[in-house]
Amino acid sequence: MIAPPPAGPVPYEKDYALALLADMLRIRRMEEKCAQAYGEGKIRGFLHLYIGEEAVAAGAVRALKPEDNIVATYREHGHALVRGVTMNSIMAEMYGKREGCSRGRGGSMHLFDAGVRLYGGNAIVGGGLPVAVGLALAARMQDEARVTACFFGEGAMAEGAFHESINLAALWRLPVLFCCENNLYAMGTALDRSESQTDLCVKAASYGVQTLKVDGQDVVAVHEAAQEAARAVRAGGGPFFVEFQTYRFRAHSMFDAELYRAKSEVEEWKKRGPLHTFSARLKAEGKLTEEAFLALDHEANAEVERAVAFAEAGSWEPVEDLLLDVHSPEGRP
Amino acid sequence: MTTMSYREAMRTALREALAGDPRVFLMGEDVGRYGGTYAVTKGLLEEFGPERVRDTPLSELGFVGAGIGAALGGMRPIVEVMTVNFSLLALDQIVNTAALYRHMSGGQFSVPLVIRMATGAGRQIAAQHSHSFENWYASIPGIKVLAPATAQDARDMLAPALADPDPVIIFEHAQLYNTEGEVTAERQADIRTAAVRRPGTMVSVVTYGGSLPKALAAADQLAADGVDAEVLDLRVLRPLDTATILASVRKCRRAVVVDEGWRTGSLAAEIMARIVEQAFYDLDAPLARVCSAEVPIPYARHLEDAALPQPAGIVAAVNAVLGR
Ligand SMILES: Cc1ncc(C[n+]2csc(CCOP(=O)(O)OP(=O)(O)O)c2C)c(N)n1
């Protein structure tokens, strides 16, 4: 059932290919550190790791332009990082510090950054989808050439919000790029235990949108598909739905005993880990040496260390400012 | 000064908003071709075109969320949800997205969205179409809640709601649409303060929305009986204009709160709590409230009448707090 590891030539210049690899490494190392910090009690609450799925954020977010919008879920650390939110401000947010990208008000699930048009991690399954449709509507009404990319899991496709949103986007032919990260499980509920139609592209296609199904473990396939889809959306072809077939290597959150899947299944999928399969391909093509890989890894780890130091040194929002930002200053009652 | 219906006043406000700002657009179920469920938006499609007066599919969650996104994206959407009853299907977007965005993003994103909806009972359309959930919305930090009760306020409150950088919900009691009132050319109302509709000295009758005409009718009856009641129209349900409420109560030393919501957990309960917290020693009698009976609003006319606040019940409550 699991497809063979990605193979074949990588159609990018060395530097470009290494940048994709570096992004995946940065996400991986950052999240490994987050898990450790969680164990130390530095990060609390819900922490939804993306480990195993890095190729999707790395390949898809890089297919977007700076003027495009992104709406993501609670599993959005990778998207935020690749989009350009600094690791420092992400880590500080997870630590609950004032220097965090959401001033410590959001935490892991609510990373926001207006500067890079990241309209947040939304922790209501499906909650970001209608917002993405509205952002696309605003872009259209203001003649702005902007694609709005919305990331969500396959679990969200059972929600009414998905159906209402894709219908509206298709009906009005809005520039929305629907990016479904199908990691096969919604918490503990496997896809075939929750959806009558398990071919997600068939489901989406019923709304009259273009669809693509791609290997989400292959950063090249992801990047190519996302570029093609973004191009079609940008050209005015209306919304596009892409299913990225991927797998989460870690638990759903830090409270998950993973009773719903066999260890052997996880091990099988790990053989298709996006990092080592891509590295192997690059090495086979002479675009990457072991030394170069170690250097990238070292850089990623150094960035993580700096981010942790930044978060540790960060400050706590004074409690007197508890009520800040409930309303805009101009609109404060 | 012109006399117009509440419906016409609201339509005038919408027309002015659409004409005055290209970022403003209207969207909702049947706001265009049909002319609006309560005919509020009638004619606006012809005047402003389908881009700015958008008929949506039946998907309250979807189009309210799209309104949020459009507001985030630089537009000034006015989303019409047919009635508060159907807004329950959009509750998640209103509560979990619109109200929280600004705070959760550390102040980076605000949502300048206006949501209008009809509310209330009194037309024999039975339980599922007769809710009053203003109090639910009024309990949520991050949004503002308005309840214009006169034609003047219906015309006046939309513009400041649109100018507000954060989400604002406007409740229009369905029984008010046909009521008529004078509307001045210049704006009178703001979206911060309550209004004394009838000055009085003996008892403060605090109310809002569709209950205002009933409270005024009760005050007239009481006046004939020698009771000088003050009628206070809240107008703004969140944030409550507590200062004006307390001033009226301190002056009259007695108060009755009239609210079409169900008694338990009602907005009336919140108002009474504030009075008790802040003006207890100024009271000469226990407070009273007139709310809807705790029953799904029935269809049969006599039962519906019995379930809702009525002038006779308000008169009785006032007489009781006056010890008459
Ligand atoms: C509306 C809603 N229902 C339930 C939850 C609890 N919940 C959080 S994540 C999740 C699973 C979602 O799965 P999926 O959409 O596939 O995304 P994934 O977590 O696999 O990335 C559930 C049920 C929620 N946050 N929101």
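Letters A, B, ... mirror the listed sequences (proteins, then strands); counts begin at 1.
A donor and an acceptor atom, one from each side chain of B:Asp259 and B:Tyr208, are located under 3.5 Å apart. Of the N and O atoms on the side chains of B:Gln108 and B:Tyr101, not one donor lies less than 3.5 Å from an acceptor on the other residue. With 3.5 Å as the limit, one finds no donor-acceptor pair spanning the side chains of B:Asn135 and B:Ser266. Side-chain contact annotation: A:Tyr119 with A:Thr148, donor-acceptor N/O pair under 3.5 Å absent.
For B:Thr97, the part sitting under 4.5 Å from any heavy atom of chain A is the side chain, from C-beta outward, and nothing else. In this structure, the portion of A:Arg140 lying under 4.5 Å from any heavy atom of chain B is its side chain and not its backbone. Residue B:Leu89: no heavy atom, backbone or side chain, is found under 4.5 Å from chain A. Both the backbone and the side chain of B:Pro165 have a heavy atom closer than 4.5 Å to some heavy atom of chain A. Heavy atoms closer than 4.5 Å to chain A are found in the side chain of B:Phe25, but not in its backbone. In this structure, chain B has heavy atoms under 4.5 Å from both the backbone and the side chain of A:Ala114. Looking at B:Arg192, there are no atoms closer than 4.5 Å to chain A (heavy atoms on both sides), in backbone or side chain.
Of the residues considered (B:Ser59, B:Pro57, B:Ala99), B:Ser59 shows the highest number of contacts with chain A, using heavy-atom pairs under 4.5 Å. In terms of heavy-atom pairs under 4.5 angstrom with chain A, the leader among B:Pro22, B:Ala66, B:Gly73, B:Gly67 is B:Ala66. Counting heavy-atom pairs under 4.5 Å between each of A:Arg103, A:His110, A:Glu317 and chain B puts A:His110 at the top. Chain A forms more heavy-atom pairs under 4.5 Å with one residue of B:Ile68, B:Val168, B:Thr56, B:Asn96 than with any other, namely B:Asn96. Comparing A:Leu111, A:Val326, A:Val133 by how many heavy-atom pairs each has under 4.5 Å with chain B, the most go to A:Val326. Contact tally against chain B (heavy-atom pairs below 4.5 Å) for A:Gln142, A:Arg117, A:Glu330: the top residue is A:Gln142. Options B:Lys144, B:Met27, B:Arg238, B:Arg23 differ in how many heavy-atom pairs under 4.5 Å they form with chain A, and the most are formed by B:Lys144. Among A:Asp113, A:Asn122, A:Leu324, the residue making the largest number of heavy-atom pairs under 4.5 Å with chain B is A:Asp113.
Under the 3.5 Å distance criterion, the side-chain polar atoms of A:Asp68 are matched with a main-chain donor or acceptor of A:Lys65. A donor-acceptor pair is defined here as one N or O able to donate and one able to accept, closer than 3.5 Å; no such pair exists between the side chain of A:Gln210 and the backbone of A:Ala229. For the pair B:Asp166 (side chain) and A:Ser328 (backbone), a donor-acceptor distance under 3.5 Å is present.
Annotation: the span from B:Arg187 atom CZ to B:Asp156 atom CG amounts to 5.5 Å, rounded to 0.5 Å.
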Problem - Derivation and outcome, salt bridge (charged side-chain N to carboxylate O under 4.0 Å, His left out), residues A:Asp325 and B:Arg102 - result: CA-CA 6 Å; A:Asp325 291 325; B:Arg102 183 164 177 93; 3.3 Å; yes
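At a heavy-atom cut-off of under 4.5 Å, chain B is reached by no residue from residues 70-100 of chain A. Within residues 160-174 of chain A, the residues having any heavy atom under 4.5 Å from a heavy atom of chain B are, by residue number, A:Ala161, A:Glu164, A:Asn167, A:Leu168, A:Leu171, A:Trp172.
In this structure A:Phe240 satisfies the ring-ring contact (aromatic ring centres under 6.0 Å, His included) test with no other residue, sequence neighbours excluded. Residues satisfying the side-chain hydrogen bond (donor to acceptor under 3.5 Å, both in side chains) criterion with B:Glu51, sequence neighbours excluded, are B:Arg54.
Classification of B:Glu80 and B:Arg116 as a salt-bridged pair holds, one side-chain N sitting under 4.0 Å from a carboxylate O. B:Asp241 has no carboxylate O lying under 4.0 Å from a charged side-chain N of B:Arg235, or vice versa, which leaves the two without a salt bridge. Between B:Glu47 and B:Arg15, at least one side-chain nitrogen of the basic residue sits less than 4.0 Å from a carboxylate oxygen of the acidic one, meeting the salt-bridge criterion.
For A:Phe46, the CZ atom sits in a loose shell: 12 or fewer heavy atoms of surrounding residues, nucleotides or ligands are nearer than 6.0 Å. By the neighbour-count criterion of 12 heavy atoms within 6.0 Å, atom CD of A:Glu144 is densely surrounded, having more than that number from other residues, nucleotides or ligands.
The two atoms that bring B:Leu158 and B:Ala17 nearest to each other are CD2-CB, 4.1 Å, heavy atoms only.
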